[in-house]
Number of protein chains: 2
Amino acid sequence: MNENKVDFERCDCNVIHEDVVNSVRDGMPHEESLYDLAEIFKVFGDTTRIKILYALFASEMCVCDIAVLLNMTQSAISHQLRVLKQARLVKYRKEGKVVYYSLDDEHVKQIFDQGLIHITERNKI
Amino acid sequence: MNENKVDFERCDCNVIHEDVVNSVRDGMPHEESLYDLAEIFKVFGDTTRIKILYALFASEMCVCDIAVLLNMTQSAISHQLRVLKQARLVKYRKEGKVVYYSLDDEHVKQIFDQGLIHITERNKI
DNA sequence: AAAAAATATGAGCAAATATTCATATGAAAT
DNA sequence: ATTTCATATGAATATTTGCTCATATTTTTT
């Protein structure tokens, strides 16, 4: 009962439905899970990274190829690949001085598809 | 053949696999679709908005309730609700001076779930 | 009609982020 | 060994973005 006490002063309004607030709070996942979830979607939330993932969807590619495909700097691509690598969405293999990147997650397509379903359904109206 | 010509100068490296680049380019969705896709994920890519969506998952709530639940300003919540509204992820109904928000998309849960699957699988290692 | 309450919104600010530029690293070719 | 090429990376810059603060709007209450 006591841990449900929150800082009401932070909100410049009164609680309207204290019961709803309490029951919803009990069902909320841990702060950390929600943070991680947002972090993953943040990675997907950039056009360049989306393009890279879509490209790797079709084929394994080296950094230079991706840069040419997207008409962007090698450096910019390399920076973004690092982000994707840290999120464990892509993996790489080295062959001499060339580094080939490919998808490292079976869920990427499913996440993509759900996003696409949303925007296509939404635009139907 | 001509439209495949791109500005190679922008990339400070030579094309390594021109065939791969061309075939991948042919399979790429339109620029606009990719932009929209990134936009949707961008909406999911914020902890506050993720929390709001999770809360609305459990129950319809008014702005003030959400603010108290998340221990944040009414203004901050209202701003974020606008973003969610524009992305057509939430809808609202007015009852007097109180505005109740709720989810406006059956796909939200599926998108969430895919994201969760990714982070849980990833953390298994 | 006036005050109060819930929500919305515009401007400003601070933090985060994507790209550029210069340069480092590492492997292959000469 | 030296040069060349593919990639990585740190610093700087420009843009985006989330929150705060003040205030507007709308509905209810008195």
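Just so you know, these numbers use all the heavy atoms, side chains as well, and skip hydrogens, waters and symmetry mates. Source: prediction; values computed, not measured. Here is the naming used below: chain letters follow the sequence lines, and residue numbers restart at 1 for every chain.
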**Item:** Length of the CD1-P vector between Ile16(B) and dC5(D), whole Å
**Value:** 11 Å
**Request:** Let me know the distance between CD of Glu95(B) and P of dT7(C), rounded to the nearest Å.
**Result:** 11 Å
**Request:** Please report, rounded to the nearest Å, how far the C1' atom of dA18(C) is from the NZ atom of Lys51(A).
**Result:** 13 Å
**Request:** For a side chain to side chain contact (heavy atoms under 4.5 Å, CB included) with His118(A), tell me which candidate from Val108(B), Leu37(B), Leu89(B) qualifies.
**Result:** Leu89(B)
**Complete:** Note: for Val98(B) and Glu39(A) on DNA chain C, the residue whose nearest nucleotide lies more 5' is Val98(B)
**Request:** Please state how far atom CG in Leu81(B) lies from atom C1' in dT17(D), giving the value in whole angstrom units.
**Result:** 17 Å
**Message:** Which label fits Phe44(B) and Phe41(B): parallel for a plane angle under 30°, tilted from 30 to 60°, or perpendicular past 60°?
**Reply:** tilted
**Prompt:** Whole-Å distance between dA18(C) C1' and Lys42(A) NZ?
**Reply:** 14 Å
**Request:** Given side chain to side chain contact (heavy atoms under 4.5 Å, CB included), test Val90(A) with Leu53(A) step by step and report yes or no.
**Result:** CA-CA 8 Å; Val90(A) 301; Leu53(A) 290 172; 4.0 Å; yes
**Request:** Enter the distance from Ile119(B):CD1 to Glu32(A):CD here, rounded to the nearest 0.5 Å.
**Result:** 9.0 Å
**Upstream residue (5' side of DNA chain C) when Asp46(A) and Gly96(A) are each assigned their closest nucleotide** = Asp46(A)
**Request:** Find the distance Phe41(B):CZ to dT17(C):C1' and express it as a whole number of Å.
**Result:** 19 Å
**Derivation and outcome, side chain to side chain contact (heavy atoms under 4.5 Å, CB included), residues Ile77(A) and Gln80(A)** = CA-CA 5 Å; Ile77(A) 299 298; Gln80(A) 296 297 7; 5.9 Å; no
**Asp19(B) versus His17(B), side-chain donor and acceptor atoms under 3.5 Å** = no
**Complete:** note: Lys97(B), atom NZ; dA6(C), atom P; distance rounded to Å ~ 6 Å
**Request:** Please work out if Tyr92(A) contacts a base, only the sugar-phosphate, or nothing of the nucleic acid, heavy-atom cut-off 4.0 Å.
**Result:** nothing
**Prompt:** Nearest-Å distance, CD1 (Ile77(B)) to P (dC21(D))?
**Reply:** 15 Å
**Asked** Does the side chain of Thr73(B) get closer than 4.0 angstrom to OP1 or OP2 of dC19(D) through an N or O atom?
**Response** no
**Request:** Using a 4.0 Å heavy-atom cut-off across all strands, classify Tyr101(A) as base, sugar-phosphate, or nothing.
**Result:** sugar-phosphate
Which atom pairs link the protein and nucleotides 9-11 of chain C when you take only N or O atoms and keep those under 3.5 Å?
from	atom 1	to	atom 2	distance (Å)
dT9(C)	O4	Ser75(B)	OG	2.7
dG10(C)	O6	His79(B)	NE2	2.9

**Fill in**
Here the pair of heavy atoms bringing Ile16(A) nearest to Cys62(B) is CG1-SG, 3.7 Å
